[in-house]
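Below is one structure; the comments refer to it alone.
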Amino acid sequence: MLPHSVGAHIVWVCSAWSVLVHGDDSGPSLEKQTLDLMDKYPLIDGHNDLALQLRIRHKNKLSQVDPYHIPEVATDINRLRLGHVGAQVFASYVLCGAQDKDAVRLALEQIDVILRLCSEWPDFELVTSSEGLRNTRKIACILSLEGGHSIDSSLPALRMFYRIGVRSMSLTHTCNTPWAESSSKIYPTYKKENNSLSDFGKAVVQEMNRLGMLVDLSHSSWATAGAVLNVSVAPVIFSHSSAYTVCNHERNVPDNLLHALKKNKGLIMVNLYNVFVGCGPSANVSVVADHFDHIRRQIGAESIGIGGDFDGAKDFPDGLEDVSKYPALIQELLRRNWTEAELAGVLRLNFVRVFEEVERVRDKLKDSPPSEAEIPLQMVNSPCRLILRPPPAPSSVIRVRNSSTILSAGSLLWMLYHAYLLLW
């Protein structure tokens, strides 16, 4: 065995020789390679909650916001440009407390603010197709619904969201819906027993396939995700989830589901939130890269994207604090010998491929009629749901002073209802 000082000297000499021959992989050459790559393949980020912060902090009043500089959040145009973000999936997120109440209205208001920022802020452009995504020279805006409770268990509502531009929906958030199960146990409503995806839930997935809407399984329970992967005829995505084997949080994706996702030709877009990547309050770029390495070993780089979750979660890894810092992650992956072809997929091409395939499935199903499936009323705990039926039969009469007996209000409504039917 060599003396420690001699061994250390040999290691230093070998390291110096490596730098002379190959270059310093942490120096300017690797940084330039990163930026050149991201110039050529601008990032498609699978999940961002800026719209939520605009509601919380500014009540959706865009007139109060400088789009180039919003220091209290993690996202603005200047930082998106620094981060080489070419497309952003913006989430319309509604708190689970609105389920069975005004979730649809709130979702529409969030979509309104996203549509406004995508039209009023000059660096953005709304895109609703893979062709638009490929062709835009601006930062592409893609609309998503975060949480199936926002459609209030209504396929007509789902179709209307698609018509106004929504191209992706996560089936759940932190609450179960009447038809799908969440990975979270925060809310006790709609608990599932051996039925993580109901018949109506399957109809939702099938209608999304028919429309050409991306099915997003982030926030879904593993059982629901597995059931969806058996039902969907189009690729699905996890828009902001990480690897369970690296961080054993229930929001992350276990290896068996990764392999099912590979078979589906879908995509997992790695989340950057500390709790999901580091299983604790802190993390760094290297820990995030470990998730990419693990998923690549399991199912290949062609199944991976990036879904930062900025402005939804609070704490992010050192060096990845906001949307401007994405080059640090790509540089770390290059340092770990990821190829430029692999990273071109991670940055952009994998998502485009999935989007294109979802559209191909839509085109194959173009002759299929819209689904008329309805959820049984007994499955929905909603006092706000009106059961459509005629008004009650007359039960009393009203007497007016100095007048003969006239019809009760109920009788009048009954007669007007039947007169309406006769007219039609």
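Between C279 and N248, the closest side-chain pair of non-hydrogen atoms falls below 4.5 Å. Residues R81 and D123 have side chains in contact (heavy-atom distance under 4.5 Å, counting atoms from C-beta outward). Between V104 and F161 there is a side-chain heavy-atom pair separated by less than 4.5 Å. Taking the side chain as every heavy atom from C-beta outward, F238 and L267 never approach each other to under 4.5 Å. Between S153 and W179, the closest side-chain pair of non-hydrogen atoms falls below 4.5 Å. The side-chain heavy atoms of T177 and L171, taken from C-beta on, include no pair separated by under 4.5 Å. Proximity of V285 to P317: side-chain heavy atoms (C-beta onward) are nowhere separated by under 4.5 Å. Put simply, the side chain of T339 does not reach to within 4.5 Å of the side chain of L343, judged on heavy atoms.
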Discussion item. Run the salt bridge (Lys or Arg N to Asp or Glu O under 4.0 Å) test on E357 and K265 for me, step by step, so that the C-alpha distance in whole Å, both residues' side-chain angles and the decisive distance to 0.1 Å come before the verdict.
Written reply: CA-CA 9 Å; E357 183 58 29; K265 298 182 180 179; over 6 Å; no

Discussion item. For S144 and D216: C-alpha separation, side-chain torsions, deciding distance, then whether side chain to side chain donor-acceptor pair (under 3.5 Å) applies.
Written reply: CA-CA 9 Å; S144 71; D216 182 359; over 6 Å; no

Discussion item. Set out, in order, the CA-CA distance, both residues' side-chain angles and the distance that settles salt bridge (Lys or Arg N to Asp or Glu O under 4.0 Å) for E356 and R134, then state yes or no.
Written reply: CA-CA 11 Å; E356 289 173 339; R134 288 191 304 270; 2.5 Å; yes

Discussion item. As a quick check of understanding, evaluate salt bridge (Lys or Arg N to Asp or Glu O under 4.0 Å) for D36 and K40, giving each step before the final call.
Written reply: CA-CA 6 Å; D36 288 347; K40 188 175 181 181; over 6 Å; no

Discussion item. I'd like to know whether S368 forms a side chain to side chain donor-acceptor pair (under 3.5 Å) with R362, so could you lay out the CA-CA distance, the side-chain angles of the two residues, the decisive distance to 0.1 Å, and finally the verdict.
Written reply: CA-CA 10 Å; S368 301; R362 174 203 64 196; over 6 Å; no

Item to complete: Evaluate the side chain to side chain donor-acceptor pair (under 3.5 Å) criterion for residues N284 and D318: first the C-alpha distance (whole Å), next the side-chain angles of each, then the deciding distance (0.1 Å), finally the verdict.
Response: CA-CA 5 Å; N284 56 39; D318 294 340; over 6 Å; no

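Residues Q110 and S92 have side chains that never bring a donor and an acceptor to within less than 3.5 angstrom of each other. Checked by atom type, the side-chain pair Y190/D100 shows a donor-acceptor distance below 3.5 Å. Checking Q53 against E72 by side-chain atom types alone, no donor-acceptor pair falls below 3.5 Å. Counted by atom type alone, D152 and S154 present zero donor-acceptor pairs between their side chains at under 3.5 Å. No side-chain donor-acceptor contact under 3.5 Å links S371 and R210. In summary, the side chains of D39 and H84 do present a donor paired with an acceptor at a separation below 3.5 Å, with no hydrogens or angles considered. At a cut-off of 3.5 Å, with distance as the only test, no side-chain donor of S182 or R251 sits close to an acceptor on the other residue. Side-chain contact check for S183 and W222: no donor-acceptor pair (N or O, by modelled atom type) lies under 3.5 Å. If you check the side chains of D255 and T245, you find a donor sitting under 3.5 Å from an acceptor.
Classified by interplanar angle (parallel below 30°, tilted 30° to 60°, perpendicular above 60°), the ring pair H240/H47 is parallel. In this pair, H173 and H219 present their aromatic rings tilted. The plane angle is within the 30 to 60° band.
Distance CD1/I77 to CG/L82: 12.0 Å, rounded to 0.5 Å. Between the OH atom in Y162 and the CE atom in M208 there is a gap of 11.0 Å [rounded to 0.5 Å]. In this structure, N176 CG and K192 NZ are separated by 4.5 Å, a value rounded to the nearest 0.5 Å. Going from atom CD1 of I304 over to atom CD of Q298 covers 10.5 Å, rounded to the nearest 0.5 Å. Atom CG of residue L333 and atom CZ of residue F292 lie 6.0 Å apart, to the nearest 0.5 angstrom. A distance of 8.0 Å separates CE in M379 from CG in D199, rounded to the nearest 0.5 Å.
Judged as a side chain to side chain donor-acceptor pair (under 3.5 Å), and not counting sequence neighbours, N195 has no contacts. Partners of D311 by side chain to side chain donor-acceptor pair (under 3.5 Å), not counting sequence neighbours, listed by chain and number: T75.
The two residues S218 and S170 make their nearest non-hydrogen contact at O-CB, 3.8 Å.
One N or O on the side chain of R353 and one on the backbone of E302 form a donor-acceptor pair closer than 3.5 Å. For D76 (side chain) and R79 (main-chain N/O), a donor-acceptor pair under 3.5 Å exists by modelled atom type. Counting only distance, with no hydrogens or angles, the side chain of N252 and the backbone of S241 share no donor-acceptor pair below 3.5 Å. With T34 contributing its side chain and L30 its backbone, the two residues share a donor-acceptor pair below 3.5 Å. N78 contributes no side-chain N or O that, together with a main-chain N or O of H69, makes up a donor-acceptor pair within less than 3.5 Å. Formation of a donor-acceptor pair under 3.5 Å by the N264 side chain with backbone atoms of A234 is found in this model. With hydrogens and angles disregarded, no donor-acceptor distance shorter than 3.5 Å links the side chain of R348 to the backbone of Y41.
Within a 6.0 Å sphere centred on CD of Q378, other residues, nucleotides and ligands contribute more than 12 heavy atoms. The number of heavy-atom neighbours closer than 6.0 Å to NZ of K262, taken from other residues, nucleotides and ligands shown, is above 12. Residue E250 places its CD atom among more than 12 non-hydrogen atoms of other residues, nucleotides or ligands, all under 6.0 Å distant. Other residues, nucleotides and ligands contribute at most 12 non-hydrogen atoms within 6.0 Å of the CD atom of E131.
Under a cutoff of 6.0 Å and an axis angle of 45°, R167 and F355 do not form a cation-pi pair.
Checked against I306 for a side chain to side chain contact (heavy atoms under 4.5 Å, CB included), the options V270, I44, I268, L329 give a single hit: L329.
Ring-centre distance between F276 and Y244: not below the 6.0 Å cut-off.
Within the structure, the disulfide bond (SG atoms under 2.5 Å apart) test picks out the following pairs touching residues 127-206 (sequence neighbours left out): C96-C175, C118-C141.
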